[in-house]
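A, B, ... follow the sequence lines: proteins, then strands. Residue 1 opens every chain.
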Protein chains: 2
Amino acid sequence: MSEAEARTLEALRAEGRRVTTARRLVVQLLARTSEHLTADELATRVHGAHPEIHLSTVYRTLDSLHGWGLVEHVHQPHGASFFHLAGAHRHLVCEQCGRIHDVPAAEFDALVARIRDVYDFELQVGHVALVGRCRDH
Amino acid sequence: MSEAEARTLEALRAEGRRVTTARRLVVQLLARTSEHLTADELATRVHGAHPEIHLSTVYRTLDSLHGWGLVEHVHQPHGASFFHLAGAHRHLVCEQCGRIHDVPAAEFDALVARIRDVYDFELQVGHVALVGRCRDH
DNA sequence: GTTCTTGCAAAAGCTTTGCAGGAAG
DNA sequence: CTTCCTGCAAAGCTTTTGCAAGAAC
């Protein structure tokens, strides 16, 4: 069990919440992959071992985890959002090929600071995918 | 008729397309408001004078105008996209109050250049709303 | 007249919700 | 045993699509 996985489950207990099969599996998947999975993709993988776990449960699990700050989701302009454990990278999505590039959050610090200073607005760069095009498109 | 309105209709003719009631009204609304209207809101306003114009027509109109580069749409993390005539400002949406702040596109030039140089990725900042929080939230 | 658009109805895709039964602590 | 979670089914919301009738040029 990865450190992130253990830490997340521990945080759950600390919140006084229950560690259920659905939650354990979702956290496991998120902790062990570097892919960017949607709720539907997570459900499909969960179904491998536990077909009874419903897609709506996956959504509720993700929503709860997000509620206690353990999971983040990224809205894509077309198609479903994807989810990952709370962390420090941002996402660039190519409109052409759909590939997702990870970029350190620090790349956006200067912009965030400037928007804060000039517009009194606290940007949350992680909550939506930044879209554009890969070099080859 | 505003300059933007005339210019947009002219571009339509130049494309060899037809100037229909639906298109004229949608362009008119977009040109005359500084609000950020969704397809549904546009349809509602169109219905004031022309109740027969269907929501799907509004969608198709917006899609066509987007196709010839006359209209842009901005995806919001929750809820419907909003539309505006092609222009040079970007949008910050407050997650708390929903207010939309306009910011000159130039604010993002440095970031766009850096992402291009370092990651070979051409950011299109205008296509999704940047979310965050107003100072007072 | 020809071609482009539209109205309508239906569906698609993602996500949320009500409710009653079931599991965790 | 009490409270929290889950399965299921249904619905919600935004957006897209097929098709035949209608409008623009």
Grab the two heavy atoms, one from Ser64(B) and one from Arg23(B), that are nearest each other, plus how far apart they are. OG-NH2, 4.0 Å
Sorted by first residue and then second, give each salt bridge (Lys or Arg N to Asp or Glu O under 4.0 Å) pair with at least one member in residues 28-50 of chain A; sequence neighbours left out. Glu5(A)-Arg32(A), Glu35(A)-Arg45(A)
Under the criterion ring-ring contact (aromatic ring centres under 6.0 Å, His included), which of His89(B), His73(B), His66(B) is the partner of His84(B)? His89(B)
Test side-chain contact (heavy atoms from CB on, under 4.5 Å) applied to Ala4(A) - qualifying residues, sequence neighbours left out: Ser2(A), Arg7(A), Leu85(A)
Which residues share a side-chain contact (heavy atoms from CB on, under 4.5 Å) with Arg135(B), sequence neighbours left out: Asp120(A)
The criterion is ring pair (Phe, Tyr, Trp, His ring centres under 6.0 Å); which residues satisfy it with Tyr59(A), sequence neighbours excluded? none
Return each pair, listed once, that meets ring-ring contact (aromatic ring centres under 6.0 Å, His included) where at least one residue sits in residues 9-37 of chain B; pairs must be two or more places apart or across chains. His36(B)-Phe82(B), His36(B)-His91(B)
Assuming nearest nucleotide by heavy-atom distance, tell me which of Arg23(A) and Pro51(A) is located more 5' along DNA chain D. Arg23(A)
Using whole Å, what does the distance between atom P of nucleotide dT14(D) and atom CG of Leu62(B) come to? 15 Å
In whole angstrom, what separates Leu42(B)'s CG from dT14(D)'s C1'? 14 Å
Residue set satisfying side-chain contact (heavy atoms from CB on, under 4.5 Å) with Glu95(B), at least two apart, ordered chain then number -> Gln124(A), His127(A), Val131(B), Arg133(B)
Given a cutoff of under 4.5 Å between side-chain heavy atoms of I, L, V, M, F, W and Y, with clusters grown through shared members, what are the other residues clustered with Ile115(B)? Leu92(A), Val103(A), Phe108(A), Leu111(A), Val112(A), Ile115(A), Val118(A), Tyr119(A), Phe121(A), Leu123(A), Val125(A), Leu130(A), Leu92(B), Val103(B), Phe108(B), Leu111(B), Val112(B), Val118(B), Tyr119(B), Phe121(B), Leu123(B), Val125(B), Leu130(B)
Produce the list of close N/O pairs, under 3.5 Å, pairing protein atoms with atoms of nucleotides 23-25 of chain C; give distances to one decimal.
residue : atom : partner  : partner atom : Å
dA24(C) : N3   : Arg18(A) : NH1          : 3.2
dG25(C) : OP1  : Val19(A) : N            : 3.3

To 10°, what angle do the rotation axes through the five end pairs on each side of the helix from dG1(C)-dC25(D) to dG25(C)-dC1(D) form? 30°
Distance check needed: dT6(D) P versus His50(A) NE2, whole Å only. 13 Å
side-chain contact (heavy atoms from CB on, under 4.5 Å) involving Ile53(A) - partner list, sequence neighbours excluded: Thr21(A), Ala22(A), Leu25(A), Val46(A), His50(A), Thr57(A), Val58(A)
Got a list of protein N/O to nucleotides 15-17 of chain C N/O distances below 3.5 Å?
residue : atom : partner  : partner atom : Å
dT15(C) : OP1  : Ser81(A) : N            : 3.3
dT15(C) : OP1  : Ser81(A) : OG           : 3.3
dT15(C) : OP2  : Tyr59(A) : OH           : 2.4
dT15(C) : O5'  : Tyr59(A) : OH           : 3.3

Rounding to an integer number of Å, can you tell me how far His66(B) NE2 sits from dT15(D) C1'? 15 Å
The salt bridge (charged side-chain N to carboxylate O under 4.0 Å, His left out) partners of Glu52(B) (sequence neighbours excluded) come to none
